[in-house]
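Remarks on the structure that follows.
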Amino acid sequence: MRIPTATYRIQFTPQFGFENARAIAVYLADLGISDLYASPIFKARSGSTHGYDIVDATQLNPELGTTESFDALVGELQALGMGWLQDIVPNHMAYTSENHYLVDVLEHGPDSSYTDYFDLSWNAPFGDRQERVLAPLLGDFYGVSLENRDIQLQYEQNGLTVNYYSLKLPLRLESYTKFLTHNLGKLTRTLGRNHPDFIKLLGILYILKNVPSEVAGKQRQDQIAFIKGLVWELYSTNDAIREFVDENLEVFNGEKGNSDSFNLLDELLNDQFYRLAFWKVGAEEMNYRRFFTVNELISVKVEELRVFNNTHSLIQKLVEEGKFTGLRIDHIDGLYNPFQYLERLQEKMGDVYITVEKILELTENLPENWLIQGTSGYDFLNYVNGVFCQCENESRFDRIYHNFIGSRVDYPSLVKEKKHLILEKNLAGDIDNLALLLKNISSKYRYGNDFTLNGLKRAIAEVLTLFPIYRTYITPDGIQDGDRACIQEVIRQAKEQTPLLQHELTFIEKLMVLEFDNSLTQTERDQWIYFVLRMQQYSGPLMAKGVEDTTLYVYNRLLSLNEVGGNPSHFGIKVADFHRFNQKHQAKWPHTMNTTATHDTKRGEDVRARLNVLSEIPDEWEEQVNTWSAINRGHRSERQGFAIPDRNDEYFLYQTLVGAFPFSEQEHESFVERVKDYIIKAIREAKVHTAWLRPDSEYEEACASFIEKVLDSSISAEFLEAFSPFQQKIADYGIFNSLSQTLLKIAAPGVPDLYQGTEVWELSLVDPDNRRTVDFEQRRAYLSAIQKQAKTDILILIQELLSHTTDGRIKLFLTTQLLKARRDYLSLFQDGDYLPLEIQGTYANHIIAFARRQGNQTAIAIAPRFLTSLIQPGEYPLGESVWQDTHLKLPAGSFTWKNVLTQQPLQAKETLSIGAALAHFPVALLVSSAE
């Protein structure tokens, strides 16, 4: 198995394809990257900017380049000794007419060869629902869209289709009869009954009416293709038939303003295997499983072996050819049976490096029986971020936040409230489906005979709302002790909070922990297991939408803690907990990924590093934020006695400005637009005053206007004069937090992962802001100059970098030096023990230090934090004058050290002065080989 030394995430887009990646391959190798980490590269919806809306996993995305350009990129990487870690998407595909598998299902219904590909109600093994597949893709109500002529019937060589803008859905074969017999008398009079083409048309109609119902699959598709070919031949060669078809299209498509004229098309649409609907309908009626609450992403039944084999065929080929050397699994928790999936994946792919996108709560463990190397790194992100938040100031930040917004906020209560909101507004249809399934099960037992659908729905909602983790992993083979304990605790809390649902909750617990009655048949046992596995698939989406995409935009105490997989009610992480986390990783998951930014993070890694500085200076922060709000009071709008933005959104905005304000004045204009777009997304996600389902344009426009005014120097000179010095101060201290964070990520157990562009300052906001174009030419020039100067006089280089910290070269220098050290001492960093080091002296709480040891080799990482009380803005945390008597106790056996960042030697035996270790650079990585 190839274990990456360091990965670099690239977001492929139509504007940045295989050839663009090939152009930066040498730069990445020079930087110290061992493996390109690629966003999905399989055929996706046209124009996709992220690649997760896949339409065919058996093809490369032609918008990223040709097969030849892909092979050229792989060849370039291999020539440089680099691997390829590929993000794959087993859970879902795009709901679009470009998805030929789905289109086949929508055209042929149960007779499609691909019916088992998608998670439809048709495929529920214990259900009997055969209603039309919902297509909630309309931008307005169905009736309005129809009578506005937004829905139109069209005819082309491939047959009749219903078109709605770019959406093009086929009609089932039976609909051709209705269409072709409409006003057939006119064609009879035009051609005459004995005309050969008219006789052919009658023959086609006869065939249409007599396609044997028992014919299915490929044979049926061949017959349909034959019939469509005959119709197209007549349409193409006979002007009268062409005119007949075109006139029918005009009639069916109706006349705007004449409601009755749309009856024909309405009847035709009612005959299809799908039901076109307003997109908002998907929140309350749903008969296919989605990715979270995204209607345009339909879930795949990858648990079906045929589906697994097909969707992984190209992946397997590229692994076997050595082009993919590792896989990252997107949204593992969405799968029906993750353990089974991972078993099949290893069996098919062999001994290849695999990580999974998995959100773990702070004290939650990754299932140890999973055949993987670890996670994609959100767990590390939240631990390393948390150690830069000063835990001791939690109560003061509570007071500041609550005083500013004018109310107290209880985080656990808020989480529960927002989860209930998502269940009611976004997942109601999905919960209905679970309740129906549970009703069918409970009605077979005397102790469940009286359960109502409404009661079961409320009980399911209560259980899902109280779930403290993304999901459990119960399988047909049984339940782990940890999952059992989790379920029992959730049921206990649910019974406390909803005492009227005691019996329903007891029944759900009985099912979830697999307490089968002896009298159950095997079919009944299978039905229980099916419910449990389905239930597990919905706790994750609820957590993601209720917490990450709602609560984290409402609970704004300190935004650096509001991150994917994070829990902002934990005000920071103690150093001892950070060390325990790393020790656990080294023992169980030594090759897991360590990340600090991804395409899904809420804000850039250096934005968080800045915001963590606020945790050190609560009094100054309170004074500043109150001053700003008073200055800007006149810029707020008012509606019915309430100010816009409200105090909570205003507090959110000020933190955003402090964290993301660019170093360069040249970026100011684009920054204003970026923040406006970001705030609109944030307040919609918060779902308090506006939401995606019910946008409030007045509130949104007032927020955008507020941002424009406060950032306009001609209007808000007073605010900017008050804001800028404080923001610059935070940015200065944030630089040192960022350098320390970079050191910890690369030196800790695990594979360090860099998100594109983050080798210099990363001040982006949530997507799509974090998918902006990266200036690789600038980074290449920076790196070349740094590496050239480092060979001549590295200390002069460091002095120059320290005097120009805002351009980001200092972070690039640190990154490439650390990655070089990882390569030079690869076994030490991949397999070495992790030893927390004891810090003593005046500023012991301001240092995080650990050793990595293997055999006679030792490396020590030293990362400062909480610098606002040690140095003034513009000063550097260097030397004995700053660190005074602060020192660390060295592990036994080493005397001569070298700082691999500065290339300077250091002598120390039992203790090491922090001032000596940090004599030239703000962080240190020391390496020694004991005699």
Exercise. May I have the step-by-step check of side chain to side chain contact (heavy atoms under 4.5 Å, CB included) for Lys228 and Asn158, ending in yes or no?
Key: CA-CA 7 Å; Lys228 286 181 179 178; Asn158 289 330; 5.6 Å; no
For the residue pair [X] and [Y], categorise the inter-ring angle as parallel (less than 30°), tilted (30 to 60°) or perpendicular (more than 60°).
| X | Y | result |
| --- | --- | --- |
| Phe308 | His312 | parallel |
| Phe507 | Tyr445 | tilted |
| Phe252 | His182 | perpendicular |

Self-check item: Over 12 foreign heavy atoms within 6.0 Å of NZ, Lys186
Solution: no
Quiz item: Would one find more than 12 heavy atoms of other residues, nucleotides or ligands at under 6.0 Å from atom CD of Glu247?
Solution: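 Correct, the count exceeds 12.
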With sequence neighbours excluded, residues passing salt bridge (charged side-chain N to carboxylate O under 4.0 Å, His left out) with [X]:
| X | value |
| --- | --- |
| Arg534 | Asp119 |
| Lys178 | Asp271 |
| Asp600 | none |

Interatomic distance, [X] atom [atom1] to [Y] atom [atom2] [nearest 0.5 angstrom]:
| X | Y | atom1 | atom2 | result |
| --- | --- | --- | --- | --- |
| Ile41 | Asp87 | CD1 | CG | 10.5 Å |
| Ser539 | Leu466 | OG | CG | 12.0 Å |
| Leu171 | Tyr176 | CG | OH | 6.0 Å |

Self-check item: Residues forming a side-chain contact (heavy atoms from CB on, under 4.5 Å) with Lys681, sequence neighbours excluded
Solution: Glu685, Trp692, Val766, Asp767
Quiz prompt | side-chain contact (heavy atoms from CB on, under 4.5 Å) against Pro136, all qualifying residues, sequence neighbours excluded | solution =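 Checked Pro136 against side-chain contact (heavy atoms from CB on, under 4.5 Å); matches are Leu134, Met286, Tyr288, Asn295.
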Exercise. Without swapping roles, check the side chain of Thr96 against the backbone of Glu98 for a donor-acceptor pair under 3.5 Å.
Key: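 Pair found, side chain donor or acceptor close to backbone of Glu98.
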Quiz item: How about Asn287 and Arg132: do any of their side-chain heavy atoms sit closer than 4.5 Å?
Solution: no
Quiz prompt | Lys358 side chain reached by Asp333 side chain, heavy atoms, under 4.5 Å | solution = yes
Which residues pass the ring-ring contact (aromatic ring centres under 6.0 Å, His included) test with [X], not counting sequence neighbours?
| X | value |
| --- | --- |
| Tyr155 | Trp232, Tyr235 |
| Phe278 | Phe141 |
| Phe12 | Phe18 |
| Phe291 | His92, His331 |

Self-check item: Carboxylate-amine/guanidinium proximity below 4.0 Å for Glu700 and Arg684
Solution: yes
Quiz item: side chain to side chain contact (heavy atoms under 4.5 Å, CB included) between Leu693 and Trp279: does it pass, once the steps are laid out?
Solution: CA-CA 9 Å; Leu693 282 172; Trp279 68 272; 3.5 Å; yes
Quiz prompt | Qualifying residue, where the test is side chain to side chain contact (heavy atoms under 4.5 Å, CB included) with Leu153 and the options are Leu268, Leu264, Asn248, Thr161 | solution =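 So, applying the side chain to side chain contact (heavy atoms under 4.5 Å, CB included) to Leu153 and each of Leu268, Leu264, Asn248, Thr161, only Leu268 qualifies.
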Quiz prompt | For Asn238, the option from Asp197, Leu187, Val245 that meets side chain to side chain contact (heavy atoms under 4.5 Å, CB included) | solution = Asp197
Exercise. Just grab all the salt bridge (Lys or Arg N to Asp or Glu O under 4.0 Å) pairs involving residues 163-173, residues at least two apart or on different chains.
Key: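 Only Glu156-Lys168, Arg172-Glu174 qualify under salt bridge (Lys or Arg N to Asp or Glu O under 4.0 Å).
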Quiz item: Would the Tyr341 and Tyr336 ring centres measure less than 6.0 Å apart?
Solution: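 So the answer is no for these two rings.
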What side-chain donor-acceptor pairs closer than 3.5 Å can you find for residues 296-304, not counting sequence neighbours?
unit_1: Ser299; atom_1: OG; unit_2: Arg289; atom_2: O; d: 3.2
unit_1: Ser299; atom_1: OG; unit_2: Arg289; atom_2: NH1; d: 3.4
unit_1: Ser299; atom_1: OG; unit_2: Arg290; atom_2: O; d: 3.2

Practice problem: For side chain to side chain contact (heavy atoms under 4.5 Å, CB included), just list the numbers for Arg471 and Gln537, CA-CA rounded to whole Å, side-chain angles, deciding distance to a tenth of an Å, and then say yes or no. | Solution: CA-CA 7 Å; Arg471 67 168 281 174; Gln537 286 180 290; 4.3 Å; yes
Quiz item: His50 and Ser39: side chain to side chain contact (heavy atoms under 4.5 Å, CB included), yes or no, with the steps?
Solution: CA-CA 7 Å; His50 49 75; Ser39 64; over 6 Å; no
Could you go through residues 418-427 and list every donor-acceptor pair under 3.5 Å that involves a side-chain atom there, pairing it with any protein atom two or more places apart or in another chain?
unit_1: Lys419; atom_1: NZ; unit_2: Thr465; atom_2: O; d: 3.2
unit_1: Lys419; atom_1: NZ; unit_2: Phe467; atom_2: O; d: 2.8

